[in-house]
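Data first, discussion second: the structure below is written as structure tokens.
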Amino acid sequence: MKNILMLATGGTIASQSGDNGLTPLLTSTQLLEYVPAARQFCHVDALQLFNLDSTNMQPKHWLKIAAAIEEHYDRYDGFVVCHGTDTMAYTAAAISYLVQNSPKPVVITGAQKPIDLEITDAKTNLLDSLLFASCDKAHGVNIVFDGKVIAGTRGKKERTKSYNAFSSINFPYIAIIQDGHIIFYLDDKRLLDRPVSFSHRLNDKVALLKLIPSMESGVLDYLAEHNDAVIIESFGVGGLPTYEGDDFHKAIRRWVDAGKIIVMATQVTNEGSNMSVYEVGKTIKRDFGLLETYDMTLEAAVTKLMWILGNTSGPDQIPGMFYGTVNRDILFTGAAGER
Ligand code: ASP
């Protein structure tokens, strides 16, 4: 019988209706009462870390979740984090950077409907998560939702209401779970060649600028002035406007010289960036050596930068850390010599 620690953080799964709408009220122990079938394959202890709508989740909460996993790591065979769906992809990616190479599974789950409703996805998601966390073949940080197991760095909430809320972006599912059976599509536990490692710092001075046609470079100036890194979500495979006297290029020059990290990303969900294709991207990449996200999700890029900036001593280490694969977060990094 496996020993599992369930960490409750709130979300719809634990919510009940009040005068002002749904709010997380159920405790971790109450959540467990809805999945008695789990007793057949595991023993579960429950810990209530907080009870938040995940809209209120911040980097300090990610650090607390990772710290709780580290504190209890030796005593349990697997971990299940119950979480709101709205920022689950960010948390799953953040935990992927804070808890690396774990031979024990860390599962992040939640639901589109509260667990105390008669018709809900919550009981299935929680039971599936406990099953996956109890599985010998499972490892690392993954989202379990609607019968799919998604690498923690590859999840994205793509539907606000349907049960199949999460997609795995630019990467296959790790496994599917049907009627209590786990079918692995990827099974590379034997590739785990390093011991589990925990990080304890994040730098949250990371901002995101989503380009729209006509945007002026003053927005970039503001964000770069107040942060250590700015991700620019540009169009298509990636580029920056050259209108208005090339103001964006001048702004990039200023902020790169000031030591800020500027990362180019794409607002297109699937297939990723490649700045080297068009002149609007290739020139800024050549002139400033900017990093780009390639096939990483935005959630992974944001949390990876927070992790890198919180754990590196010198700017020279940043490209190597950013392009180094952690929990399957990046596979494509352009042709050789393009970095
Ligand atoms: N607002 C909720 C949350 O993210 C939504 C959910 O859990 O589905 O906490």
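Predicted model only: the values in this text are computed from it and were never measured. One-based numbering, in listed order, for ligands and for the atoms of each.
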- prompt: Considering the options Thr109, Thr12, Thr91, which one meets the side chain to side chain donor-acceptor pair (under 3.5 Å) requirement together with His83?
  reply: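 The residue from Thr109, Thr12, Thr91 that satisfies side chain to side chain donor-acceptor pair (under 3.5 Å) with His83 turns out to be Thr91.
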- request: For the pair Phe184 and Phe132, evaluate ring pair (Phe, Tyr, Trp, His ring centres under 6.0 Å) and give the outcome as yes or no after the intermediate values.
  value: CA-CA 11 Å; Phe184 277 88; Phe132 194 75; 5.8 Å; yes
- request: Run the numbers for me: atoms of ligand 1, each under 4.0 Å from some heavy atom of Asp53, listed by number.
  value: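 Going through ligand 1 atom by atom, the ones under 4.0 Å from Asp53 are 1 (N), 2 (C), 3 (C), 4 (O), 9 (O).
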Per-atom contacts of ligand 1 with Gly11, taking only distances under 4.0 Å to non-hydrogen atoms: 7 (O), 9 (O)
- prompt: Taking the six-membered ring for Trp, are Tyr185 and Tyr173 ring centroids under 6.0 Å apart?
  reply: no
query: Given the side-chain rings of Phe145 and Tyr163, with only the six-membered ring counted for Trp, is the space between their centroids under 6.0 Å?
result: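 No: the rings miss the under 6.0 Å criterion.
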task: Quick one: look up the protein heavy atom nearest atom 8 (O) of ligand 1 and list residue, atom name and how far away it is.
output: Thr85 OG1, 2.5 Å
- prompt: How close does the nearest protein non-hydrogen atom get to atom 4 (O) of ligand 1, and which residue and atom is it?
  reply: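 Sorting protein heavy atoms by distance from atom 4 (O) of ligand 1 puts Ser54 OG, 2.5 Å first.
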Taking distance alone, with N or O pairs closer than 3.5 Å, would you say [X] contacts ligand 1?
X      : value
Thr12  : yes
Ala111 : yes
Thr55  : no

- prompt: Would you say Leu25 and Ser15 make side-chain contact, with heavy atoms under 4.5 Å?
  reply: no
Any Pro24 heavy atom less than 4.0 Å from ligand 1: no
statement: Nearest non-hydrogen contact to atom 1 (N) of ligand 1 from the set Asn56, Asp86, Thr91 belongs to Asp86
- prompt: With no hydrogens and no angle check, do the side chains of Asn203 and Trp307 hold a donor and an acceptor under 3.5 Å apart?
  reply: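 Short answer, no.
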task: Using a strict 4.0 Å threshold on nitrogen-to-oxygen distance, state whether Asp329 and Lys304 make a salt bridge.
output: yes
